[in-house]
Amino acid sequence: MRNTVTNGRAMHTDALLEVRGLKMHFAVQTGLLRRTTGHVRAVDGVTFSVARGKTLGLVGESGCGKTTAVRAIVRLYQPTGGEVLFRSSVLSGSGNGSEVLVDLAKLSAHDMNRVREEISMVFQDPIASLNPRMSVYEIVSEPLKIRGRIDGSTRDTIAELVERVGLRPEHMRRYPHEFSGGQRQRIGIARALALNPRLVVCDEPVSALDVSIQAQTLNLLQDLQDEHGFSYIFVAHDLSVVEHISDHVAVMYLGRIVEMGEVEALFARPFHPYTEALMSAVPRVGGAGKGTGRIAGGDVPDPSNPPSGCHFHPRCRYAKDICKTEIPALKDSGNGRSAACHFAQELSLAGV
Amino acid sequence: MNTGNDTLLQVNNLRVEFGLREGVVKAVDGVSFTVSRGRTLGIIGESGCGKSVAAKAIMNMVPRPGRIAGGEVLYHPRTSGPGTVVDLTKLDPDGDEIRRIRGGEIAMIFQEPMSSLTPVYTAGYHIMETLRIHRPFSIGTVGERIAGKRTVGKAQAREIAIEMLKRVGIPNPQSNVDRYPHQLSGGQRQRVMIAIALSCEPALLIADEPTTALDVSVEAQILELMRSLQETTDTAIMFITHNLGVVAQMADEIVVMYMGKEVERAETSAIMGAPRHPYTQALLNSVPILGRKSRKRLAYIKGMVPCATELPPGCVFHPRCARFMAGECDRLEPGVTEVDKGHWVRCLLYQRNEKKSNA
């Protein structure tokens, strides 16, 4: 984590993925001629790293760019700028587990396709992300099929995988509509694991699930990580879920990371007023009406027309004049923590 | 604390059934509770447990092919006295009397503010429409047929609409009153919904997952708004949600539902502090709690919600229950037992104890 702000190719050896200054801008086109009249800076200079076998939680409210960020990382979008450094073992070509550092943002389509074997994704909506006309076997084995790895033992491999995520092997012949929401999400997880990836990007994997099913799914993700040593990027808007599953947390607001750090420290004492506001807003069992004074007023601003200076200043309780004009940089605050606030060192903010 | 004589709504053994090709679904099966004036009742449960259907049954607007199969919903109008109590389930769902109560006396806020506002009308029009339909029939006019229809004029309705928007915290109400739903943010839309619901000063506000579609910071604002409005207007709130944190903050009393059945009902502190039903206990244990970080596994409820047309025999929760008693839970249907004063549980564990102590 230490080297996240340094330039050059030096990467902390623990890091599997390191994102530097990632930008994803979308053109706004108006009028008959579809002229570009502006840009939505959905992701505007995001920097973080994911350690091996660890989980990075990416948290923020809707429209803050967390989903766009992870989609740009896996190149579902072509990033506008920045680097996505990944330690790939398939591209090293030796097959002996050695690794080569590649920039996913600049990789050729052919190489990117090969790297996708090592990076997979679990999507939010299990109904929309599974093809209703494919059986569970077809869905889970499709990644293998695409890579031409179907052989005599595939059925057994898939059966094992399906069992591992808590479904029964005989379910392989069934179709997605025959399953409940939680089971469908398990199918999505099984598919993500089919190629034995090293990085799994989970985009709100439990948001659509009921609480009892949510607990089952979170446990499953944790068990799989313990067994196989996957790294996770875990995108969620639910702070308690993020706190539960993550080792490190990055808080996003309007396309930028406002705070980052190790999970216990960050939740115990946030450095950015937005993190504090977010935490105090979570309704808690047993904590009736606590800390309501810290709730941010107003709504999340329109990302196509963000406020000047610090994006959070119109909603911030501690905003001063400098916040309206100068964009605060994400500064290292020691102990692996960083925050993008002019007053990060002076403010004493309440955690949970 | 308000007590019995401040009763606003009494739901007794309410049952709602949906006749489907696959069989009869008992969406609500024997639910009873009481809402008192100025208090908040929370209803929690997972999706498909029947909480929204119960709310619709109270308004007597269960969608087809559903029907109210039994029980009663007794509404005590403001000028309470003998003979004025109305059983809402007995009213004609399209009749004048229920239409006077809906919107005017009992108002509802829905989950998705975008789809519950009409995109072709302005925020102000929505509020004015409600006012002009329901406002004339306020205090004590239930039963009177032609009680001064259209007493609120257009200009006056507009004034009230602006006033309402101001009260729910919409900036520049004078200009926002003429805005269309798509021009407002999600939080503002939900504020407009609340303004519509409160514009006729209802005695009961049914809020069906009012903050589920909103971000946490906006959710906190809306909850705060509902609390402060309740303090000033003495409106009773029925708060339906699946979010345990929200219900803990908002409700005075909580009903926990599972598969159409009310499994536990008690004061909020009792439900949150000392839940008795194994389902409630499991539900509370299965959510990660902010500030209690541990990479330990979460407790979870094994299995999944059963199919609504093929409910398990005995206690509907028994296949997933951690304290399942073979030969009892899968055969006997549990009744409701009062384990503490005002703390009701539908579970054989407590019923058995009671029988023993009686014997």
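Every chain is numbered from 1, with letters handed out A, B, ... down the list of sequences.
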> Given a strict heavy-atom distance threshold of 4.5 Å, which part of A/D223 is in contact with chain B: side chain, backbone, both, or neither?
Replying inline: side chain
> Side chain, backbone, both or neither: which part of B/A282 has a heavy atom under 4.5 Å from chain A?
Replying inline: neither
> Is it the side chain or the backbone of A/L218 that comes within 4.5 Å of chain B heavy atoms, both, or neither?
Replying inline: side chain
> Going from CD on A/E61 to CG on B/L214, what distance comes out if it is rounded to the nearest 0.5 angstrom?
Replying inline: 10.5 Å
>> At a 4.5 Å cut-off on heavy atoms, which part of A/S62 comes close to chain B: side chain, backbone, both, or neither?
In response: both
> For B/E46, is it the side chain, the backbone, both, or neither that has a heavy atom closer than 4.5 Å to a heavy atom of chain A?
Replying inline: both
> Measuring from A/L278:CG to B/L290:CG, what's the distance to the nearest 0.5 Å?
Replying inline: 9.5 Å
> Between A/A215 and B/S286, which heavy-atom pair has the shortest distance, and what is it?
Replying inline: CB-O, 3.5 Å
> So which heavy atom on B/P288 is nearest to which on A/S240, and how close?
Replying inline: O-CB, 3.3 Å
> Contact part of B/V246 toward chain A, heavy-atom cut-off under 4.5 Å: side chain, backbone, both or neither?
Replying inline: both
>> How long is the straight-line distance from CD1 of B/I289 back to NE2 of A/H244, given to the nearest 0.5 Å?
In response: 11.5 Å
>> Tell me the closest heavy-atom pair linking B/S217 and A/R315, and the distance in Å.
In response: OG-NH2, 2.9 Å
> Of the listed residues (B/G187, B/G169, B/P171, B/S185), which shares the most heavy-atom pairs with chain A below a 4.5 Å separation?
Replying inline: B/S185
